Number of protein chains: 2
Amino acid sequence: MPLEIRPSQALRLWRQVHLDLVRDGEPDLSARQTAILLTVYLELPPHTVRGLAKQLGVTKPVITRALDTLGKLGLLTRKRDEEDRRNVVIQRTVAGALAVERLGDLVTEHAKEIGAG
Amino acid sequence: MPLEIRPSQALRLWRQVHLDLVRDGEPDLSARQTAILLTVYLELPPHTVRGLAKQLGVTKPVITRALDTLGKLGLLTRKRDEEDRRNVVIQRTVAGALAVERLGDLVTEHAKEIGAG
DNA sequence: CCCGATCGTTACGGGTCCGTATCATTATCG
DNA sequence: CGATAATGATACGGACCCGTAACGATCGGG
């Protein structure tokens, strides 16, 4: 069941959501941070630094730094993997789940407003 | 004619597009830069620094800096308004129009892939 | 055991962006 | 004219992120 949307509608949707994200005053997430956050919350665990780096096509320090920032914002946490202590497992948080849910609602609401463009 | 989309679908769409934007290697635009770019290309001219600042709810230096960057990327240009030389008019470019069109296609393609989530 | 491989982190130099304050230029109006 | 207002740009100190390279900790095979 594909989602029906035309490029002109997609662009209006993209603009409206970004306008809201800018206007709400909270710190904007970069594209990389957004991709990481949504991957952790939408894909099945476990999530590791290396795995995220591979999925995004970026280097590991990029992931480490993004996790520092997202962790500081309370949107996710890190935990040592006790089975293989070299690994770090990225875990979800309540605040992160709420933020992701808000984003989903935001996109959905703006989609509703967009008529035949 | 509202666009039908559920939050879970919206989130998967948001993730997929951001993954592509990260992976394509080109410099990521910030949320502010994206909002400015799409406003210039979707809303009727003329566009001024002050007008954009008001629409985004940010200060004028934020717009000036974003225009510096977007201009350096060739996505838009500035021109003095000859009728009131205090104003600067932001204009579209061919490269910018192509980039916006690509974004619209990107969102549309991923929307097609998203089934009943 | 020990050596190599793997994991995530840190260090470094450079670039970009932030918010606030200030600036030069131009227009407006008494 | 001259004073005031408005516009966009610039200066500044601080924060964040980048890519590359190196690092310490941990695992695993000979």
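Lettering follows sequence order; numbering is per chain, from 1. Please read all numbers here as calculations on a predicted model, not as lab measurements.
In this structure, the side chains of B/Y41 and B/T93 come closer than 4.5 Å at one or more pairs of heavy atoms.
For B/K72, the listed nucleotide lying nearest its side chain is C/dT16; candidates were C/dT9, C/dT16, D/dT10. The side chain of B/R86 lies closest to C/dT26, out of D/dA9, C/dT26, C/dT20. Nearest to the side chain of A/T59, among C/dG8, D/dT7, D/dG19, sits D/dG19. Side-chain proximity of A/N87 to the nucleotides D/dT7, C/dC18, C/dG8 is greatest for C/dG8. Listed nucleotides: D/dG8, D/dC27, D/dC17. Nearest to the side chain of A/Q33: D/dC17. For B/T64, the listed nucleotide lying nearest its side chain is D/dA9; candidates were D/dC18, C/dC18, D/dA9. The nucleotide whose nearest atom lies closest to any side-chain atom of B/P61 is, among C/dA27, D/dT10, C/dC7, D/dT10. Taking only side-chain atoms of B/R65, from C-beta outward, the nucleotide of C/dT9, D/dC18, C/dT20 with the closest atom is C/dT20.
Contact annotation: B/R78 reaches the phosphate of D/dA9 (side-chain N/O to OP1 or OP2, under 4.0 Å). Contact check, A/T69 against D/dC17: a side-chain N or O comes under 4.0 Å of OP1 or OP2. For the pair A/R32 and D/dG19, the criterion of a side-chain N or O lying under 4.0 Å from OP1 or OP2 is met.
Within the 6.0 Å centre-distance limit, the rings of B/W14 and A/H18 are counted as a close aromatic pair.
In summary, B/R15 and A/E43 engage in a salt bridge, as defined by a charged side-chain N under 4.0 Å from a carboxylate O. In this structure, A/R12 does not pair ionically with A/E113, as no charged nitrogen and carboxylate oxygen lie closer than 4.0 Å.
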